[in-house]
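Here is the structure we will look at, set down as structure tokens.
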Protein chains: 2
Amino acid sequence: MKNNIKVQRAIHDLTQQELAERIGVSRQTINAMEAAKYVPSTVLALKLSELFGKPVNEIFELEEGD
Amino acid sequence: MKNNIKVQRAIHDLTQQELAERIGVSRQTINAMEAAKYVPSTVLALKLSELFGKPVNEIFELEEGD
DNA sequence: ACAAAATGTAAAATATATTTTACTTTATGA
DNA sequence: TCATAAAGTAAAATATATTTTACATTTTGT
């Protein structure tokens, strides 16, 4: 699964730290998520969706092998 | 977080077992997910989205306390 | 160039998703 | 009614998300 969190974060001019605080996770979680190092929960995906004003499907996308 | 998986499953006329096989999880995972007993991964949400032809945001929704 | 902020990364600890097995209860069709 | 499929549930085991702490590297502004 891939995502465009880094782009969305740039659009909304947020640091990883700020984004982390807004959705209630650690900075490392944001960092690892952007690097697609693991699969976040659906609650996190929905929170990002809400904050960015974008559907989950436009932030996250399935890849081969998922 | 709440969801309408049970309804979607009815629309597509699938048993929990069949749905589980389609998206590659156990039947208990589907059952527990319908009962909102835990938060599934974003990959699962996207697979349901793909199978049901519905955006993740129309299958899952945040609630107070999430 | 310097200082400070932001980002990348990693290991250990903890919380939680998911599986497996197994049993019970409920719905469905002959 | 009887047999069977489907759904509900639970405990233990395993995999994985997330946090915490800590440090290295890169970026940014002055």
Side-chain angles (χ1 to χ4, degrees):
Chain A
M1 190 186 60
K2 61 181 178 180
N3 70 78
N4 62 5
I5 296 171
K6 193 167 189 171
V7 172
Q8 297 300 325
R9 191 163 58 76
I11 292 174
H12 293 266
D13 193 30
L14 293 170
T15 67
Q16 291 182 345
Q17 179 70 54
E18 289 167 339
L19 176 54
E21 286 165 1
R22 295 280 192 96
I23 68 177
V25 295
S26 72
R27 183 179 65 84
Q28 283 75 359
T29 294
I30 299 297
N31 190 289
M33 242 168 71
E34 283 187 6
K37 286 195 176 169
Y38 62 72
V39 178
S41 75
T42 300
V43 163
L44 281 195
L46 288 173
K47 285 183 178 176
L48 290 170
S49 170
E50 182 176 72
L51 182 59
F52 292 149
K54 283 257 174 198
V56 170
N57 294 269
E58 289 182 25
I59 301 173
F60 295 93
E61 197 178 346
L62 287 176
E63 286 180 309
E64 301 298 326
D66 282 334
Chain B
M1 190 185 62
K2 61 182 178 180
N3 71 77
N4 61 6
I5 295 171
K6 193 166 187 171
V7 172
Q8 297 299 324
R9 192 164 57 77
I11 291 174
H12 293 266
D13 193 28
L14 294 168
T15 67
Q16 292 183 343
Q17 178 71 51
E18 288 167 341
L19 177 53
E21 284 164 3
R22 295 281 190 97
I23 68 177
V25 296
S26 71
R27 181 180 66 83
Q28 284 75 359
T29 294
I30 299 297
N31 190 291
M33 242 168 70
E34 285 188 3
K37 286 195 177 170
Y38 61 73
V39 178
S41 75
T42 300
V43 163
L44 281 195
L46 288 172
K47 285 184 178 175
L48 290 171
S49 172
E50 182 176 74
L51 182 59
F52 292 149
K54 283 259 174 196
V56 170
N57 294 269
E58 288 182 23
I59 301 174
F60 295 93
E61 195 178 349
L62 288 176
E63 286 179 309
E64 301 298 327
D66 281 336

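Bear in mind the structure is a predicted one, so any value in this text is a computation, not a measurement.
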### Selection residues 3-32 of chain B - residue pairs positive for salt bridge (charged side-chain N to carboxylate O under 4.0 Å, His left out), sequence neighbours left out
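Listed once each, the pairs are Arg9(B)-Glu34(B).
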
#### Entry: salt bridge (charged side-chain N to carboxylate O under 4.0 Å, His left out) pairs, two or more places apart, involving residues 35-63 of chain B
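Qualifying pairs, neighbours excluded: Lys54(B)-Glu58(B).
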
Output all residues satisfying side-chain hydrogen bond (donor to acceptor under 3.5 Å, both in side chains) with [X], sequence neighbours left out; order by chain, then residue number.
X	result
Ser49(A)	Asn57(B)
Asn3(B)	none
Ser26(A)	Thr29(A)

### Query
Which pairs, with at least one residue in residues 44-66 of chain B and sequence neighbours excluded, count as a ring pair (Phe, Tyr, Trp, His ring centres under 6.0 Å)?
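Of all non-adjacent pairs touching residues 44-66 of chain B, those that pass ring pair (Phe, Tyr, Trp, His ring centres under 6.0 Å) are His12(B)-Phe52(B).
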
### Message
A side-chain contact here means heavy atoms from C-beta on lying under 4.5 Å apart; do Val25(A) and Met33(A) qualify?
### Response
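No, side chains not in contact.
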
### Task
Please step through side-chain contact (heavy atoms from CB on, under 4.5 Å) for the pair Leu46(A) and Asp66(B), ending with a clear verdict.
CA-CA 10 Å; Leu46(A) 288 173; Asp66(B) 281 336; over 6 Å; no

### Task
Begin from the C-alpha positions of Ile30(A) and Ile23(A) and carry the test side-chain contact (heavy atoms from CB on, under 4.5 Å) through to its verdict.
CA-CA 10 Å; Ile30(A) 299 297; Ile23(A) 68 177; 3.9 Å; yes

Least distance between heavy atoms, [X] atom then [Y] atom:
X	Y	result
Met1(A)	Ala36(A)	O-CB, 4.0 Å
Val56(A)	Ala45(A)	CG2-O, 3.7 Å
Ser41(A)	Thr42(B)	O-OG1, 3.1 Å

### Query
Which nucleotides of nucleotides 11-30 of chain C have their base under 4.0 Å from a protein heavy atom (B), which only their sugar-phosphate (S), and which neither (-), written as one string 5' to 3'?
------SBBBBB--------

Atom pairs, N/O to N/O, protein against nucleotides 25-30 of chain D, distance under 3.5 Å?
none

### Members of residues 3-22 of chain B that approach DNA chain D, where some heavy atom sits under 4.0 Å away
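Residues of residues 3-22 of chain B under 4.0 Å from DNA chain D: Lys6(B), Arg9(B), Thr15(B), Gln16(B).
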
### Task
For Gln8(B) and Ile11(B), run side-chain contact (heavy atoms from CB on, under 4.5 Å): C-alpha distance rounded to whole Å, both residues' side-chain angles, the deciding distance at 0.1 Å, then the answer.
CA-CA 5 Å; Gln8(B) 297 299 324; Ile11(B) 291 174; 4.3 Å; yes

### Task
Take the C1' atoms of the five end pairs on each side of the helix from dA1(C)-dT30(D) to dA30(C)-dT1(D), derive the two axes, and give their angle rounded to 10 degrees.
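Taking five pairs per end, the axes differ by 70°.
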
### Short side-chain N/O contact from Asn31(A) to OP1 or OP2 of dT7(C), under 4.0 Å
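Checking dT7(C) against Asn31(A), no side-chain N or O comes under 4.0 Å of OP1 or OP2.
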
### Query
Heavy atom of residues 58-66 of chain B under 4.0 Å from DNA chain C: which residues?
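Those residues whose heavy atoms fall under 4.0 Å from DNA chain C, taken from residues 58-66 of chain B, amount to none.
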
### Query
How is the hydrophobic cluster of Tyr38(B) composed, in terms of its other members, when Ile, Leu, Val, Met, Phe, Trp and Tyr link through side-chain heavy atoms under 4.5 Å apart, directly or indirectly?
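In the cluster with Tyr38(B) there is nothing else; it is isolated.
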
### side-chain contact (heavy atoms from CB on, under 4.5 Å) between Leu19(B) and Leu51(B), worked out
CA-CA 9 Å; Leu19(B) 177 53; Leu51(B) 182 59; 3.4 Å; yes

